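The figures that follow rest on heavy atoms only: side chains count, while hydrogens, waters and symmetry mates do not. What you see is a predicted model; the values in this text were computed from it and never measured. Each ligand, and each atom within it, is numbered from 1 in the order the structure gives.
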Amino acid sequence: MTEPRREVDAVVVGAGFAGLYAHYRLRELGLSVQGYEAAADVGGTWWWNRYPGARCDVESMDYSYSFSPELEREWTWSERYATQPEILRYVDHVAERFDLRRDIQFDTRVTAMRWDEPAERWHVSTDQGDEVSAQFCVMATGCLSAPKELDIEGVDAFEGTVLFTSRWPHEGVDLTGQRVGVVGTGSSGIQSIPLIAEQAAHVTVFQRTPNFTMPARNAPLDAETVQARKAHAREHRQAMRDSRAGVVVANPEVSALSVDDDERAARYGTAWEAGTLYAMIASYTDLLVNKEANDTAAEFVRSRIRDVVDDPDVAERLSPRSHPLGTKRPCLDTNYYATFNRDNVTLVDLRATPLVGVTPAGIRTEATEYELDVIVFATGFDAMTGPLLRAGIVGAHGVALAEKWAAGPRTYLGIATAGFPNLFLITGPGSPSVLVNMMVAIEQHVDWIADCIAYLRAEGAESIDATPEAEDEWVEHVNAVASRTLFPTAASWWMGANVPGKPRVFMPYIGGFPQYTGVCDAVAHDDYRGFSVRRASTGERSATAASA
Ligand code: N01
């Protein structure tokens, strides 16, 4: 690393929803801010993921910022679940309205961040040759921004076109008349397969693990619904923040095993019709903690698959049986299961006939070779830790984040990690993040971080660092809460199980959003309990125990 050429108060890495709001709040505090973003413009995940069918699966009116009532009043979503282009138009509007692009350098990836101990500042380097010194660094790098490295042989030799849902060409792709193979049946595959099938001559879906997906029941938003929400926007936003997952869902009251089959079927039927991610799992109190209870819901979904899919063998292969409902991220879809009734769609079950690799002509399984013109990889992400570890972060005493997290991520509240002072993670591992509506999680984190920085400035403090004791306690709590659920039983990306060699740790905090925000607020209220704060005037560190 060379000497820094410029000094700023804060560097914000990333210009998606989290990064943009961080710019807004830090600027409000009067800080000088430098933003870096690898993409050519704002939008984060919505800038990259442009595959056919990409849309949010939290309702548009909830999947938007709440910090500005004026913004809420002036923006009107057109559909219950907005498409990627509409979400990007919204991001663009926000960036323009609040002049947020001003301090962001695009097409620039942060390649190294080193804590300069004597100076008590971060030294940040980029792939464009920038060398900047900052008192604070805010990692707005997203949870699903680092595509998983492909673990399939032979891709380079393929003579057709290779596409990734996570890096879809901006000019779009015409698949008319093409033989397309899609590898992966997570949210990206499930959203894109029906639309690819409408265009392509033939689609071969290579499925390793069938996923639970529910019909989105997407529709245009009518003016009355929009007006009614806008009229009660403040109350609704508060209800979202008070809810377990950042969306308003009635809390279940009884066990699935306490009612008879008819009552359960009626309840699941209503949830299935609701067209939301959370309705099924929120039907009963014990679906995520009791396998027997969960089986009743999982079997209900399997019976719906059998209703829709004509071929009983295909229906069975599409039916998830390897994990309980909700323990891998479920999906919302439009016409996914019905797509397998089309003459131009073939399902290949990779559990029955494992994938051998890509050949020059297509994809080979242990049974046969499928000739293809295009392969679409919807193979997922090195989630949550990937984006942070790829930024080359080295903290106090020269310890790399990758070294510290070798056995899995360790954070205090998912916001800070001990030994990395003045480094703030937005929706980091150990926070509710991907288990809740991301917009709610992002705003809460950015607000907490901005308040913390304001506190440090008011106190004349130079730096703040989580204490190892507070971090240990929090990690223990995060693990203890997860271990009481069915989540750790599934090979999910939440567990790091999708990336070969990644430590298996349940990364998000499952204790519930209000419980989590209660802890964050109490920590701040108690002079940042569990953190050590160094004040310039005395040169001394003060720290209070996390459980004080
Ligand atoms: O990725 P995934 P995604 N051979 O990891 C398969 C969010 N999101 O991009 O399960 C064969 O879920 C893999 O199989 P398996 C959302 O949070 C939101 O779809 O590992 N198959 C799996 O089927 C979501 O959860 C939206 O056995 C291979 C698939 O690829 C998250 O992003 C839209 C393989 C990967 O599924 C990630 O979703 C899109 C291999 N070698 C995404 N490697 C919204 O709506 C992987 N697979 C809002």
Indicate yes or no: does an N/O atom of [X] lie under 3.5 Å from an N/O atom of ligand 1?
X      : result
Tyr51  : no
Trp46  : no
Ala378 : yes

Handout entry: Option whose closest heavy atom lies nearest to atom 34 (C) of ligand 1, chosen from Arg208, Lys328, His323
Key =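 Going through Arg208, Lys328, His323 one by one, Arg208 has the nearest heavy atom to atom 34 (C) of ligand 1.
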Practice task
For atom 22 (C) of ligand 1, state which one of Leu144, Ile87, Asp151, Thr185 supplies the nearest heavy atom.
Solution key: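 Among Leu144, Ile87, Asp151, Thr185, the closest heavy atom to atom 22 (C) of ligand 1 belongs to Thr185.
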Nearest-contact summary for [atom] - protein heavy atom, Å:
atom                    : value
atom 15 (P) of ligand 1 : Thr209 OG1, 3.4 Å
atom 6 (C) of ligand 1  : Gly184 CA, 3.7 Å
atom 12 (O) of ligand 1 : Gly186 CA, 3.6 Å
atom 24 (C) of ligand 1 : Ser187 OG, 3.5 Å
atom 9 (O) of ligand 1  : Ser188 OG, 2.6 Å

Exercise for the section: Flag yes if more than 12 heavy atoms outside Arg109 fall under 6.0 Å of its CZ atom; otherwise flag no. Expected result: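 Check fails, neighbour count at 12 or below.
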Problem - Step-by-step salt bridge (charged side-chain N to carboxylate O under 4.0 Å, His left out) determination, Arg329 to Asp57 - result: CA-CA 11 Å; Arg329 169 68 155 69; Asp57 57 10; 3.0 Å; yes
Problem - Lys/Arg-Asp/Glu bridge criterion (N-O < 4.0 Å) met for Glu316, Arg302 - result: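 A salt bridge is absent here (no side-chain N lies under 4.0 Å from a carboxylate O).
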Problem - Closest non-hydrogen atom pair between Ala256 and Ala293, with its separation - result: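 Scanning both residues completely, I find the closest heavy atoms to be CB-CB, 4.0 Å.
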Practice task
Would you please classify the geometry between the Phe487 ring and the Phe506 ring as parallel, tilted or perpendicular, with 30° and 60° separating the classes?
Solution key: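 Because their plane-to-plane angle lies in the 30° to 60° range, the rings of Phe506 and Phe487 count as tilted.
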